[in-house]
Amino acid sequence: MDDRSAIKKCPLFAGVTDQDLEQLAAVCRRREYNKGEVLFSEKEPANGFYVVVDGNVKVYKLSSEGKERILHIVHPGESFAEAAMFADGCYPAFAEPVRKATVLFFPKQPFIELLQTHTRIPLNMIAGLSRFLRQFAGQIEDLTFKDVPARLARYLVELAEDGRDVVELPISKTQLASRLGTVSETLSRTLRKLSEDELIKVQGKTITILDHDRLEDLAESSRESL
């Protein structure tokens, strides 16, 4: 995917004109990172934000004991770290690719100057940040009210939101366990149970959804009903 295609695909820049697109492409810098290479660290000054062109990037926190908690997996065409440029101006978490990734980096000052003359872009940013707030609110709700089977079901439903029967996990099962707020052993048992119940079929990182309706029902169930 070239730079302009990645920018056009990003919801943050939906509806921009061709002229805006040219200026956005002129502002950004294309960068490549290897798996495990840190893009930024928590509390580091936020000097810009990113759009993923290829690969996946995990955004995560570390506990005082060094345990990783994945907050978000960023896919191609998605942006991250926009909000960090404002407020206290520091990144609130760590970010690194889960495999080799290509990203577009938008440096803070040139991008802010662009915002001042192109009103469509800040309006899109507000909508994009609102989506992230809803997403994180959903994560908090899942961790509070849903058990692991329901959290996993919701993750798979969202991964197959276009109605696909077969999906590929974009991250390892260890990373998925972290994303769901559990441990690898519990995730393995849950995958096995959903397979035995004929909701899904698991072959490595490939998941075949056998019963969309039942999986969606499980995704919506609360801790009390499990």
| field | Contact summary for L156 and I209, nearest pair of heavy atoms | value | O-CD1, 4.2 Å
| note | Heavy-atom closest pair (P97 atom, N34 atom, distance to 0.1 Å) is CG-O, 3.5 Å
| field | Parallel, tilted or perpendicular: ring planes of Y33 versus Y50, cut at 30 and 60 degrees | value | perpendicular
| query | Which pairs pass salt bridge (Lys or Arg N to Asp or Glu O under 4.0 Å) with one or both residues in residues 184-202, sequence neighbours excluded? | reply | K193-D197
| query | Are L115 and L24 joined in one hydrophobic group, where the rule is that I, L, V, M, F, W and Y side chains link up if heavy atoms are under 4.5 Å apart? | reply | yes
| said: I'd like to check N56 versus R99 (side-chain heavy atoms, cut-off strictly below 4.5 Å). Are they in contact? | reply: yes
| said: Does any part of the side chain of V51, heavy atoms only, come nearer than 4.5 Å to the side chain of I7, both counted from C-beta? | reply: no
| request: Return the minimal non-hydrogen interatomic distance between A95 and V57, and the atom names on each side. | output: CB-CG1, 4.1 Å
| request: Heavy atoms only: give me the nearest P92-A84 pair and the separation to one decimal. | output: CD-CB, 4.0 Å
| Cluster link L62 to L176, ILVMFWY, side chain under 4.5 Å | yes
| query | For A160 and V167, which heavy atoms make the closest approach, and how far apart are they? | reply | CB-CG1, 3.6 Å
| message | With a sphere of 6.0 Å drawn around NZ of K100, does it hold more than 12 non-hydrogen atoms of other residues, nucleotides or ligands? | response | no
| message | Distance check, rounded to the nearest 0.5 Å: R179 atom CZ versus I70 atom CD1? | response | 8.5 Å
| query | Does any non-hydrogen side-chain atom of V27 lie less than 4.5 Å from one of P107? | reply | yes
| said: For a 4.5 angstrom cut-off between non-hydrogen side-chain atoms, does F105 reach N47? | reply: yes
| said: Using 0.5 Å steps for rounding, measure from the CG atom of D3 to the CZ atom of R29. | reply: 10.5 Å
| Does L114 reach the side chain of Q23, with side-chain heavy atoms less than 4.5 Å apart? | yes
| Whether T190 side chain and V148 backbone form a donor-acceptor pair below 3.5 Å | no
| remark: To the nearest 0.5 Å, atom CG of L39 lies from atom CZ of R31 at 8.5 Å
| field | Plane angle bin for F49 and F106 - parallel if under 30°, tilted between 30 and 60°, otherwise perpendicular | value | parallel
| field | Side-chain donor-acceptor pair present, Q175, S172, cut-off under 3.5 Å | value | yes
| query | Once you round to the nearest 0.5 Å, how far does CD1 of I73 lie from CZ of F80? | reply | 11.0 Å
| task | Tell me, with the steps shown, if E32 and D54 meet side chain to side chain contact (heavy atoms under 4.5 Å, CB included). | result | CA-CA 9 Å; E32 292 189 357; D54 183 59; over 6 Å; no
| query | How long is the span from the CG atom in L199 to the CG atom in L191, to the nearest 0.5 Å? | reply | 11.5 Å
| task | Verify side chain to side chain contact (heavy atoms under 4.5 Å, CB included) between E22 and R4, making sure each step is shown before the conclusion. | result | CA-CA 8 Å; E22 289 295 322; R4 285 169 178 75; 2.9 Å; yes
| message | Quick one, L215 and L210 - any side-chain contact, counting heavy atoms below 4.5 Å? | response | no
| query | Thinking salt bridges, do K35 and E96 make one under a 4.0 Å N-O criterion? | reply | no
| message | Is it true that, when you exclude K8 itself, more than 12 heavy atoms of the residues, nucleotides or ligands shown sit nearer than 6.0 Å to its NZ? | response | no
| query | Step by step, would you call L152 with T182 a side chain to side chain contact (heavy atoms under 4.5 Å, CB included)? | reply | CA-CA 10 Å; L152 175 58; T182 187; over 6 Å; no
| task | Taking all non-hydrogen atoms of both residues into account, name the closest pair between D165 and H212 and its distance. | result | OD1-NE2, 2.8 Å
| field | Nearest-0.5 Å distance, CG of residue L104 to CG of residue D2 | value | 9.5 Å
